[in-house]
Protein chains: 2
Amino acid sequence: MPSPLEKARQAPDSMKGRILSAARKLFGEYGFHGVTTRMIAKAVGIDISTLYYHWGEKQDLYEAVLTDLNEDIRLKLREIEKLVHGKPLDVRLEVAIDVMSDYLFHNPEASNLMLFSYFVKTRTRSDLDTRMTEHLANIAVAMGLALDKTHVPPQANARVLAVWNSIINFASGENYFRPMLSLDRDAYLEVVKETLKFILIPAFTRKDS
Amino acid sequence: MPSPLEKARQAPDSMKGRILSAARKLFGEYGFHGVTTRMIAKAVGIDISTLYYHWGEKQDLYEAVLTDLNEDIRLKLREIEKLVHGKPLDVRLEVAIDVMSDYLFHNPEASNLMLFSYFVKTRTRSDLDTRMTEHLANIAVAMGLALDKTHVPPQANARVLAVWNSIINFASGENYFRPMLSLDRDAYLEVVKETLKFILIPAFTRKDS
DNA sequence: ACTTGTTTCCAACATTTGATGGAGAACCAT
DNA sequence: ATGGTTCTCCATCAAATGTTGGAAACAAGT
């Protein structure tokens, strides 16, 4: 039987789905403590008790948002993996950067939510996510940094993290960085992709000396 | 005449200074909305009205924290610049990575605060910071990506941002990433430095083809 | 029409939170 | 000691916030 979250994912027009998506946007902008249940309800155009009826406590809703996001990421990574299967590493990186950047720039709340869960202590801490660990392991294997999903050396994970973070930072920081660079959205996205490739590809493709 | 903040910086044992430092730690952990004035007062061991007496509104205190941090960063960057003056780029990067990593790992709230100001919409938005722009310009010149502080092309700024973000991410994410890598603090710090050098140095030192 | 179950809203609640007024300490120069 | 200034706390306020009970609206089967 599907969980409540899965149902909401499959029926984005249902009340549950609409609340989830509004919550996701808001939590992505302001963080957990920066959003009130009333803000979410107002964004959907409903009373707050309707929100509580569907999702229960604020904390529960927030966790549903994170799980929802993680599922999206998982699918996106799988899509990329299919796209680049068998290609050499520099091409894999290039495609991964392009596709992930496009995705994150069209879902600006996604990268913010990730940053929040990495960096912010929630006053009421929920248990750690193992999902990120899985993503990392998958990427490490895909990049040839580890042979086996179950045995990824710390060094390999660290390198994957460096790549991963570089990408989400530019997406997350758009509102802050773009004015500093005086670029419009399209130009910013292009510069970001180019910069990421400039930074990341040489590290992984250089001939060892 | 020195501003209130400068006085507090110069007298860290004064009440003003103690409040500032407690606030800085807490805002760094939980973000603006995640911290209450009562939490800060409690951390210092004083009544909240004493806090308001010294710093006024929460928002003002928060901005003082950010300004304080920015001053630290500025000094740190200048220190690095002196340290590597005249050295070739790969050495500059190496030293910068080492020194910045050490600094950020011993001031864990610093990188978090930076991430907050880059990524989080505060519900009550204060005006944009120009200080970050200055830091970027300085680094860009120091790295030879621009000839003149006042004319840094977007591409150069983007590259500096990529470097900058990579470093603060690992510091900020320690609580989240370190358990994933199963490393103790020292080992984590070492792996981070190594990874940063692995990622960043080749990009800037390769011979153009 | 009547029952049964689901969904939505109104009203209210107890806490939490940002913020202040005013009374007393503490300090300090005279 | 006295007067003035600076600092600290207690008590309190109004607004915001998380959360719930219960009544109405709605839907669907019989």
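Lettering of chains follows the sequences in order, A, B, ..., and the numbering in each one begins at 1. Remember, it's a predicted structure, so these values are computed and weren't measured experimentally.
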* To do: Check DNA chain C against residues 18-28 of chain B and give the residues with a non-hydrogen atom under 4.0 Å, in numerical order.
  => none
* Send over the distance from A:His33 NE2 to D:dG18 P, rounded to a whole Å. => 10 Å
I'd like a table of atom pairs between the protein and nucleotides 25-27 of chain D - only N or O on both sides, under 3.5 Å - with the distance next to each one.
none

* Asked: Taking only N and O in the side chain of A:Thr50, is any of them less than 4.0 Å away from OP1 or OP2 of C:dC9?
  -> yes
* Spacing between A:Lys16 atom NZ and C:dT6 atom P, to the nearest angstrom -> 13 Å
* Could you check whether the rings of A:Tyr176 and B:Tyr118 sit parallel, tilted or perpendicular, using 30° and 60° as the cut-offs? => tilted
* Give me the ring orientation class for B:Tyr188 and B:Phe170: parallel if the planes are under 30° apart, tilted from 30 to 60°, perpendicular past 60°. => perpendicular
Could I get a table of every N or O pair under 3.5 Å where one atom is in the protein and the other is in nucleotides 19-23 of chain C?
residue : atom : partner : partner atom : Å
C:dA19  : OP2  : B:Tyr52 : OH           : 3.3
C:dA19  : OP2  : B:Lys58 : N            : 3.0
C:dA19  : N6   : B:Arg38 : NH2          : 3.4

* Partners passing salt bridge (Lys or Arg N to Asp or Glu O under 4.0 Å) against B:Arg78 (at least two apart in sequence or in another chain) -> none
* Take atom NZ of B:Lys25 as the centre, draw a 6.0 Å sphere, and report whether it contains more than 12 heavy atoms from other residues, nucleotides or ligands. => no
* Structure fact -> Whole-Å distance, B:Met15 CE to C:dA25 P, equals 18 Å
* Asked: Under 4.0 Å: is that the gap between some side-chain N or O of B:His54 and OP1 or OP2 of D:dT8?
  -> yes
* **Listed once per pair and sorted, the salt bridge (Lys or Arg N to Asp or Glu O under 4.0 Å) pairs that draw on residues 34-55 of chain A, sequence neighbours left out** => none
* In whole angstroms, how far is the P atom of C:dG18 from the OH atom of B:Tyr62? -> 14 Å
* Asked: Within 45° of the ring axis of B:Phe198 and under 6.0 Å from its six-membered ring centre, is that where the NZ or CZ of A:Arg159 lies?
  -> yes
* Counting N and O atoms only, with roles assigned by atom type, does the side chain of A:Asn169 sit under 3.5 Å from a partner on the main chain of A:Asn165, one being a donor and the other an acceptor? -> yes
Anything under 3.5 Å between a donor and an acceptor, one on a side chain of residues 11-18 of chain A, the other on a protein residue two or more places apart or in another chain? List them.
residue : atom : partner : partner atom : Å
A:Ser14 : OG   : A:Ala11 : O            : 2.7
A:Ser14 : OG   : A:Gly17 : N            : 3.1
A:Lys16 : NZ   : A:His54 : O            : 2.9
A:Arg18 : NH2  : A:Val44 : O            : 3.3

* Asked: Is A:Tyr53 near enough to C:dT7 that one of its side-chain N or O atoms lies under 4.0 angstrom from OP1 or OP2?
  -> yes
* For the pair made of CE in B:Met39 and C1' in C:dT17, what is the distance, rounded to whole Å? -> 12 Å
* **Within 6.0 angstrom of A:Leu147 CG, more than 12 heavy atoms from elsewhere** => no
* Would you say the side-chain atoms of B:Asn107 pair up with the backbone N or O of B:Glu109, donor to acceptor, closer than 3.5 Å? -> no
* Asked: Side chains of B:His151 and B:Asp148: do they bring a donor and an acceptor to under 3.5 Å?
  -> yes
